[in-house]
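Dumping the structure here so I can ask a few things about it.
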Amino acid sequence: VRPSRLIILGWGPDRPQLESLIQDLGLEQDAALLGYIDNPYAYMARASLFVLSSAWEGLPTVLIEAMAIGVPVISTDCESGPREILNQGCYGRLTPVGDSGSIAEAILDQLSHKPQPVDPAWLDQFKTAASVQQYLNLLRRNEVSVN
């Protein structure tokens with residue numbers, strides 16, 4: 001057993017069930033549902049680990065933010081983002097969607113090992129300038145194909 005504290009930021013429709021589960025399991029001192037936070041970076045920077053357990057995503061920017069802050073990342077391997085952002089799992093552990101056992105195993109494993117640093121050059125592709133350039137390239141490509 002590892003002493004740990006779970007902090008969940010944000011909101012969702014399952015909050016009442018999560019609060020009930022925390023109470024039923026007697027984890028009031030070990031888990032906190034803080035809701036929406038204007039600036040989550042102070043929490044992220046102090047975290048030993050960031051876990052994204054989504055069933056689906058568009059662009060999970062929060063993974064990029066956690067990596068940029070230097071927090072080790074675990075994510076479900078849902079469509080649209082985590083695999084690409086984590087470079088096929090090189091910069092964070094990927095687990096199957098809905099497999100809580102795999103997530104728990106990945107958490108325990110990561111907490112017992114030194115995190116692998118993310119190559120800063122890898123993160124450059126997610127900066128504003130790179131994103132703007134990609135949009136401009138896409139627009140130019142579409143402009144050429146229309147003419």
Side-chain angles (χ1 to χ4, degrees), residues 1-139 142:
V1 175
R2 279 187 84 97
S4 300
R5 181 154 172 77
L6 172 67
I7 296 178
I8 299 177
L9 304 179
W11 56 271
D14 295 333
R15 184 181 178 113
Q17 292 90 337
L18 289 172
E19 289 172 332
S20 181
L21 182 61
I22 289 168
Q23 191 171 31
D24 291 348
L25 296 173
L27 297 174
E28 295 89 349
Q29 300 303 313
D30 302 311
L33 305 177
L34 301 184
Y36 178 79
I37 304 291
D38 282 331
N39 184 355
Y41 303 113
Y43 291 93
M44 291 172 72
R46 293 179 52 203
S48 300
L49 183 62
F50 179 85
V51 179
L52 181 71
S53 59
S54 297
W56 61 87
E57 283 289 338
L59 173 64
T61 307
V62 69
L63 284 179
I64 300 164
E65 294 167 335
M67 291 165 58
I69 291 173
V71 178
V73 171
I74 293 172
S75 178
T76 49
D77 194 11
C78 61
E79 288 189 39
S80 300
R83 179 169 288 279
E84 295 82 6
I85 290 169
L86 299 177
N87 192 18
Q88 314 304 312
C90 291
Y91 296 123
R93 181 100 172 251
L94 293 162
T95 64
V97 172
D99 188 342
S100 58
S102 289
I103 292 173
E105 182 182 313
I107 289 170
L108 291 173
D109 184 59
Q110 182 61 57
L111 290 174
S112 64
H113 291 90
K114 185 177 178 187
Q116 290 285 11
V118 175
D119 180 358
W122 176 257
L123 294 172
D124 286 346
Q125 67 182 310
F126 303 112
K127 291 182 178 177
T128 303
S131 295
V132 168
Q133 188 59 55
Q134 289 175 2
Y135 277 116
L136 290 173
N137 293 345
L138 180 64
L139 291 172
N142 286 340

Notebook entry, point to check: Yes or no on side chain to side chain contact (heavy atoms under 4.5 Å, CB included) for Val62 and Met44, after CA distance, side-chain angles and deciding distance?
Noted result: CA-CA 10 Å; Val62 69; Met44 291 172 72; 4.2 Å; yes
Run the side chain to side chain contact (heavy atoms under 4.5 Å, CB included) test on Leu59 and Ile85 for me, step by step, so that the C-alpha distance in whole Å, both residues' side-chain angles and the decisive distance to 0.1 Å come before the verdict.
CA-CA 9 Å; Leu59 173 64; Ile85 290 169; 3.9 Å; yes
Checklist line | Evaluation steps, side chain to side chain contact (heavy atoms under 4.5 Å, CB included), between Tyr91 and Asp119 | finding: CA-CA 9 Å; Tyr91 296 123; Asp119 180 358; 3.4 Å; yes
Here the gap from Arg46 atom CZ to Ile7 atom CD1, rounded to the nearest 0.5 Å, amounts to 7.5 Å
Q. Counting only heavy atoms not in Gln23, do more than 12 fall under 6.0 Å of its CD?
A.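 Counting other residues, nucleotides and ligands, CD of Gln23 stays at 12 neighbours or fewer.
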task = Return the minimal non-hydrogen interatomic distance between Ala47 and Val71, and the atom names on each side.
result =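 In terms of heavy atoms, the two residues are closest at O-CG1, 4.0 Å.
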Side-chain heavy atoms of Ile22 within contact of Leu33, under 4.5 Å =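 Yes, close enough: below the 4.5 Å cut-off.
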Check whether any side-chain heavy atom of Met67 lies under 4.5 Å from a side-chain heavy atom of Ile64, and answer yes or no.
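No, every pair of side-chain atoms sits at 4.5 Å or beyond.
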Side-chain heavy-atom pair Leu34, Tyr43 within 4.5 angstrom cut-off
yes
Item to check | Pair Gln88-Arg83, side chain to side chain contact (heavy atoms under 4.5 Å, CB included): steps then yes or no | outcome: CA-CA 5 Å; Gln88 314 304 312; Arg83 179 169 288 279; 3.2 Å; yes
Q.
Is it true that, when you exclude Glu19 itself, more than 12 heavy atoms of the residues, nucleotides or ligands shown sit nearer than 6.0 Å to its CD?
A.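 Correct, the count exceeds 12.
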Taking every heavy atom of Arg5 against every heavy atom of Glu28, the minimum-distance pair comes out as NH1-O, 4.4 Å
query: How about Gln133: does its CD atom have over 12 heavy atoms from other parts shown lying under 6.0 Å from it?
result: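 Yes, enclosed.
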Closest non-hydrogen atoms of Pro40 and Leu9, given as atom of the first, atom of the second and distance, are CB-CD1, 3.7 Å
Under a 4.5 Å cut-off applied to non-hydrogen side-chain atoms, are Arg93 and Ile107 in contact?
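They are not in side-chain contact.
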Within a strict 4.5 Å, meaning less than it, do heavy atoms of the Arg15 and Ile8 side chains meet?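 When only atoms from C-beta onward are counted, Ile8 and Arg15 do not touch, as no gap falls below 4.5 Å.
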Item to check | Shortest non-hydrogen contact between Pro60 and Leu52, atoms and distance | outcome: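 The pair with the smallest heavy-atom distance is CB-CD2, 3.8 Å.
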d(Phe50 CZ, Gln110 CD) to nearest 0.5 Å is 13.5 Å
Answer yes or no: does atom CH2 of Trp11 have more than 12 heavy-atom neighbours from other residues, nucleotides or ligands under 6.0 Å?
-> no
Exactly one of Ile74, Val51, Asp77 clears side-chain contact (heavy atoms from CB on, under 4.5 Å) with Thr95, and that residue is Ile74
Do Thr76 and Ile103 touch side chain to side chain, with heavy atoms closer than 4.5 Å?
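The answer is yes; the side chains approach within 4.5 Å.
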* **Point-to-point distance, once rounded to the nearest 0.5 Å, from CD of Glu84 to CZ of Phe126** =>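 The CD atom of Glu84 sits 9.0 Å away from the CZ atom of Phe126.
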How close do Leu111 and Ser48 get, heavy atom to heavy atom, and via which atoms?
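Taking every non-hydrogen atom into account, CD2-CB, 3.8 Å.
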If every non-hydrogen atom of Ser75 is compared with every non-hydrogen atom of Leu63, which pair is closest and at what distance?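 The answer is OG-CD1, 3.9 Å.
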Taken to the nearest 0.5 Å, the spacing of Cys78 SG from Leu94 CG works out to 9.0 Å
